[in-house]
There are 2 protein chains.
Amino acid sequence: MHERTRAEWRATRQRAAVLRALHLHDTFVSAQSLHAALAADGVTVGLTTVYRTLRLLAASGHVDVVRDSAGERLYRPRPDDGHRHYAVCRECGLSLAVDSDEVERWVARIARDIGFHAVDHTVELTGLCERCRPPMSRPAAGPPARRRTPSAG
Amino acid sequence: MHERTRAEWRATRQRAAVLRALHLHDTFVSAQSLHAALAADGVTVGLTTVYRTLRLLAASGHVDVVRDSAGERLYRPRPDDGHRHYAVCRECGLSLAVDSDEVERWVARIARDIGFHAVDHTVELTGLCERCRPPMSRPAAGPPARRRTPSAG
DNA sequence: CAGCATAAGACAACGGTTTTCATTTGCGGT
DNA sequence: ACCGCAAATGAAAACCGTTGTCTTATGCTG
């Protein structure tokens, strides 16, 4: 079978839109938020298509995926440096890439110790960023950052 | 208000059953598996009650919760030593408690570095245990361990 | 430009979990 | 031991994110 190297990624208005919207965010976003943002921008893309596109992007390693506490998948374009671990503020959604060499090494060692193969790992840090201080005894240090689900402006 | 220290955990047949069933397993189990196992044992407990009980146990820190790749919650009683991290075999469900001091320290340091407060972390290792070697070039070294969803025998 | 495989979109289906609400039941007070 | 009530149970429906189905539309390649 002499398959010519045909384009494995067809360029469509919708995919471009999803990509663009995705890159407008500095935080992890859910498929639904993205769809809503698109719609709010007057761009009509089917929810199904958003899901499909994100799934493709995730499968091809172009975006990172985390799960929030409710089990919802949140997406974010993977930065050039290949970072794969983040600390996510559970108040405003701010996500910071985190130096993860140490965990990688730790995981590798554990895997060897217990005789596990093909070990995959999930490391998720959630907390409150500096702007979203804990509610207890808050000295009113400015308003907390906005919540996720941005207006995609 | 002079509240007598009243039992904040009412003893019921159902809760005892869920607890007992939970402790019969050496692996993480889903609420549904547990419910099925109970039923197979002739113990009738509503699925709702299983969910509720597990939620309570998780909230009070008596069980650990992980999420499988499908987003399903899996539960396991927390051992006395307070371990909270496991390596789970994605083939047979075998779970091994893992020395997690190093991650704890790592998490604490990261939290300090980036200025996050009240940081919570999820560390999940999934792989193939020794009995469930990778399918590629397997030397037929005995059958893989049974899958999860045990018969609660 | 034609043909066709791929993609989009609307909608239904799915699966796990939670809510609802009427009914039952532990448990503390008397 | 009995009462009463808040807490717990359970069946069914609601929920919600996600995926499947199937028809129509549309890039792409020849």
Side-chain angles (χ1 to χ4, degrees), chain A residues 1-22 28-39 42-60 62-63 65-76 93 148-149, chain B residues 1-22 28-39 42-60 62-63 65-76 93 148-149:
Chain A
M1 45 186 90
H2 41 98
E3 304 229 349
R4 206 138 314 197
T5 320
R6 71 178 51 194
E8 75 270 3
W9 185 271
R10 209 145 95 178
T12 67
R13 173 183 68 79
Q14 292 88 337
R15 284 179 176 174
V18 170
L19 247 341
R20 201 173 338 108
L22 196 53
F28 279 89
V29 276
S30 68
Q32 315 233 21
S33 304
L34 221 42
H35 178 250
L38 251 0
V43 185
T44 49
V45 178
L47 181 56
T48 307
T49 299
V50 175
Y51 273 111
R52 262 195 297 243
T53 304
L54 289 174
R55 196 150 33 120
L56 285 176
L57 287 170
S60 60
H62 287 98
V63 303
V65 187
V66 301
R67 245 177 236 281
D68 69 9
S69 52
E72 193 178 14
R73 291 205 226 311
L74 305 178
Y75 304 84
R76 163 184 186 142
R148 139 163 77 80
T149 307
Chain B
M1 45 184 87
H2 42 98
E3 301 230 349
R4 203 132 322 188
T5 320
R6 74 176 49 196
E8 76 269 3
W9 184 271
R10 211 145 96 177
T12 68
R13 173 182 68 78
Q14 293 88 336
R15 284 179 177 175
V18 170
L19 247 341
R20 202 173 338 108
L22 196 54
F28 279 90
V29 276
S30 68
Q32 314 233 21
S33 305
L34 221 42
H35 178 249
L38 250 1
V43 185
T44 48
V45 178
L47 182 55
T48 308
T49 299
V50 175
Y51 272 112
R52 263 195 295 242
T53 305
L54 289 174
R55 195 149 39 117
L56 285 175
L57 287 169
S60 60
H62 287 97
V63 302
V65 187
V66 300
R67 246 176 237 281
D68 69 11
S69 52
E72 192 179 14
R73 288 193 193 29
L74 306 177
Y75 303 84
R76 151 174 203 153
R148 131 164 84 81
T149 306

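Within every chain, numbering begins at 1; the chains are lettered A, B, ... in the order of the sequence lines, protein sequences first and strands thereafter. These figures come from a predicted structure and were not determined experimentally.
- Across all strands, B:Thr53 comes closer than 4.0 Å to no nucleic acid atom at all (heavy-atom distances).
- Along DNA chain C, the nucleotide closest to A:Val45 and the one closest to B:Gly71 are compared, and the more 5′ of them pairs with A:Val45.
- The base of D:dA8 has none of its N or O atoms less than 3.5 Å from a complementary donor or acceptor on the side chain of B:Arg15.
- Set against D:dT9, D:dG20, C:dT18, the side chain of B:Thr12 has D:dT9 as its closest nucleotide.
- In this structure, A:Arg67 atom CZ and C:dG16 atom C1' are separated by 12 Å, rounded to whole Å.
- Note: NE2 (B:His35) to P (C:dG15) measures 17 Å, nearest angstrom.
- OP1 or OP2 of C:dG16 has not a single side-chain nitrogen or oxygen of B:Arg73 nearer than 4.0 Å.
- An OP1 or OP2 oxygen of D:dT18 is reached within less than 4.0 angstrom by a side-chain nitrogen or oxygen of A:Tyr51.
- None of B:Leu54, B:Val66, B:Val65, B:Val29 except one satisfies the side chain to side chain contact (heavy atoms under 4.5 Å, CB included) rule with B:Arg73; the exception is B:Val65.
- When heavy atoms are screened at a 4.0 angstrom cut-off, A:Ala11 is found touching the sugar-phosphate backbone but no base atom.
- Atom CZ in A:Arg55 sits roughly 16 Å away from atom P in C:dT6 (whole-Å rounding).
- Residue B:Glu72 contributes atom CD, which lies 16 Å from atom C1' of D:dC16 at whole-angstrom precision.
- Between the CG atom of A:Leu34 and the CZ atom of A:Arg20 there is a distance of 11.0 Å, given to the nearest 0.5 Å.
- Contact annotation: A:Thr49 reaches the phosphate of C:dG9 (side-chain N/O to OP1 or OP2, under 4.0 Å).
- Within the 4.5 Å cutoff, the side chain of B:Arg15 has heavy atoms near those of the B:Leu56 side chain.
- Residues B:Leu57 and B:Trp9 come closest through the heavy atom pair CD2-CH2, 4.2 Å.
- One can place CG of A:Leu47 at 17 Å from P of C:dA13, the figure rounded to the nearest angstrom.
- One finds the OG1 atom of A:Thr44 at 7.5 Å from the CD atom of A:Gln14 (value rounded to the nearest 0.5 Å).
- Closest to the A:Gln32 side chain, of the nucleotides C:dG9, C:dT20, D:dG17, is D:dG17.
- Dashed line: the shortest gap from a side-chain N or O of B:Gln14 to OP1 or OP2 of D:dA8 is not under 4.0 Å.
- The residue B:Arg13 sits close only to the backbone: its heavy atoms come under 4.0 Å of sugar-phosphate atoms, none of a base.
- Rounded to an integer number of Å, the gap from CG of A:Leu38 to C1' of C:dA8 is 14 Å.
- The base of C:dA7 lies outside donor-acceptor range of the side chain of A:Arg10, with no N or O pair under 3.5 Å.
- For a distance-only test at 3.5 Å, the side chain of A:Arg52 qualifies as a donor-acceptor partner of the base of C:dG9.
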